[in-house]
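Shown next, in structure tokens, is the structure this report addresses.
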Amino acid sequence: MDHALTQASIEVEMMMAGFKQTKFEKSKRKYAESQQVLARGVASSLRSAMKPTPLFAESGEGPRIRDIDGNEYIDCLLAYGPLILGHAHPSLTDGVLVALKKSPAFGLQHEGEIQLARLLTEVLPCADQVALSGSGTEAVMLAIRLARAYTRRPKIVRFHGHYHGWSDSIFTSFPSADIRQSAGATGAKAERILPGTGGQSDNSLEDIILLPWNESEMLEQILREHKDQIAAVISEPIMCNSGCIKPRPGYLELIRELTSELSIVMILDEVITGFRLGLGGAHGKLNLNPDLVTVGKAMGGGIAISAVGGRREIMKQIEDGTVSHLGTLNGNGLAVTAAMATIEELAKDGGAAYRQMEQTTDQLVAGIRDALAKHSIPGLINHVGPVFHMMFTTETQVEHFDTFNKRDGAMYSRFAEKMLDRGVLNRPNGLWYVSAVHGEREIQETVRAVDSTLAEL
Ligand SMILES: Cc1ncc(COP(=O)(O)O)c(C=O)c1O
């Protein structure tokens, strides 16, 4: 196809449509151009949700990002989580450039893999051994496979509102259908579980048992009833993907107790919380001992890498060939270097970065809460370390997926759009991330932007 022609025809079309000059003009044009050649115009479907248009980035520095229209934003999207050190942190870029010059990938073993694996086994309390892969989705796929092979059972218990990547065997409709509808009175088995996407085979979720989270009785009943069929229970430790909801006191401990008693594998999916809540993730912080943990996102500081860590007895199935673990670029030099640099930076000065992030986030959350109160707009924030979910809702507490679903998502999307106008980038669904390089200035500017946006709303 003649791209010059395509470009020209897009421009004519836009002029004819009376396309007005806006702050996001170039991004809008690029999005239209992108849609001609890139499916949906974005590289991950979720990104098309951004209003008024998916933005096209030019560059980023520390806590700020610039788009191709020259607008600068305080970045609270942080590439959907990974940029825990902000953009282009020197520790990361310097190391990665050196690794790149040596060669981005060898397809052979290299010293960096051992160093990273050793570091991961030191910082992740539950990991005797680790396996490296490229994305959170892949890490979850491996964890599930390890659990099924280990127990020789087929079923996986997962929870409404949690997200574990988009592979066929775990991707349920997201956000999931209302709990009460699909869990039914007697548990999850009775109802059909909706697939997350077209193209998933009809039976891909046959082995999934979908339960409401934070409900102890139903969990115990189902685990006991189906114990001979259940390989694993997989859970986010904090329900970051739907409202940053915390586990009820004792709930994760109950999962641990029951799974141990019934010889079921407990998988904690820490793709968001890993390296974000602390070096040892949520399980380190909450003193939990899952059999397997999956980490990704923040681990590589923005370069694709993920890992599964866990008990030697389970991980050993990779070594003895029972379970295949594959991936052409697994453990490549760039990704391994990025992960080492990120983790080492986060570990400096006894974890000073975490103290900084927590302090900054506390201040930001307090400022937003004050602004909500000042403008008498019903809303709340669920907040765990340097990640929080802001929502507009008349509920006074959101501790469950069904109350989370009562929030006004459309209003939040409008809010996020207006925040862009005021120079703050955040995800249209309300999930905010704060990095180790967000400081006082970013907090004050963001709180001012929230205040004036709420006044406008
Ligand atoms: C808890 C959790 N698990 C798994 C994944 C999938 O990770 P990835 O997008 O890297 O495949 C995500 C992504 O958001 C996640 O939040």
Side-chain angles (χ1 to χ4, degrees), residues 42-49 77-84 124 131-147 156-176 196-197 208 210 213 232-247 252 255 266-277 281-283 286 288 290 292-310 327 329-330 332 335 338-339 342 382 384-389 401 404 426-433:
V42 290
S44 173
S45 300
L46 210 58
R47 294 181 203 161
S48 62
L77 176 75
L78 295 177
Y80 293 79
L83 300 180
I84 194 153
L124 298 173
L132 302 176
S133 45
S135 67
T137 297
E138 288 172 277
V140 170
M141 281 163 53
L142 176 62
I144 288 175
R145 193 173 283 175
L146 284 165
I156 306 293
V157 172
R158 58 151 299 167
F159 300 99
H160 285 273
H162 293 215
Y163 174 65
H164 303 293
W166 60 294
S167 74
D168 270 18
S169 67
I170 191 91
F171 188 30
T172 54
S173 144
F174 183 79
S176 330
T197 169
I208 292 291
L210 186 58
W213 196 59
V233 174
I234 184 168
S235 176
E236 290 182 55
I238 314 288
M239 189 155 75
C240 289
N241 276 293
S242 300
C244 258
I245 295 173
K246 290 184 194 165
L252 294 177
I255 297 184
M266 176 178 180
I267 305 171
L268 267 195
D269 183 354
E270 297 229 43
V271 168
I272 290 184
T273 50
F275 300 102
R276 178 151 284 283
L277 297 196
H283 76 285
L286 303 174
L288 286 164
L292 294 174
V293 67
T294 52
V295 286
K297 291 204 191 244
M299 172 184 175
I303 305 254
I305 186 164
S306 64
V308 176
L329 289 173
N330 287 356
N332 72 77
T342 304
N382 278 345
V384 186
V387 54
F388 63 90
H389 202 122
F401 185 55
F404 172 68
N426 75 115
R427 203 173 142 179
N429 83 338
L431 187 64
W432 294 56
Y433 290 104

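Predicted model, so just to flag it, every value in this text is computed and none were measured. Note that the numbering runs from 1 along the sequence shown for the chain. Basis for what follows: all heavy atoms, side chains included, without hydrogens, waters or symmetry-related copies. First listed ligand is number 1; within each ligand, the first listed atom is number 1.
By the 4.5 Å heavy-atom criterion applied to side chains, Leu132 and Met299 are counted as neighbours. Contact annotation: the side chain of Leu78 approaches that of Arg276 to within less than 4.5 Å [non-hydrogen atoms, C-beta and beyond].
Under the side chain to side chain donor-acceptor pair (under 3.5 Å) criterion, His164 pairs with Asp269, sequence neighbours left out. Partners of Phe388 by ring pair (Phe, Tyr, Trp, His ring centres under 6.0 Å), not counting sequence neighbours, listed by chain and number: Trp432.
The side chain to side chain donor-acceptor pair (under 3.5 Å) pairs that include a residue from residues 136-147 are Ser135-Glu138, where partners are two or more places apart or lie in different chains.
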Leu277 vs Ile238, side chain to side chain contact (heavy atoms under 4.5 Å, CB included): CA-CA, chis, key distance, verdict: CA-CA 10 Å; Leu277 297 196; Ile238 314 288; 4.1 Å; yes
What does the contact table look like for ligand 1 (nitrogen or oxygen on each side, cut-off under 3.5 Å)?
from	atom 1	to	atom 2	distance (Å)
ligand 1	3 (N)	Tyr163	O	3.3
ligand 1	3 (N)	Asp269	OD1	3.2
ligand 1	3 (N)	Asp269	OD2	2.7
ligand 1	10 (O)	Gly136	N	2.9
ligand 1	11 (O)	Gly136	N	3.4
ligand 1	11 (O)	Thr137	N	2.9
ligand 1	11 (O)	Thr137	OG1	2.6
ligand 1	14 (O)	Lys297	NZ	3.0
ligand 1	16 (O)	Asn241	ND2	2.9

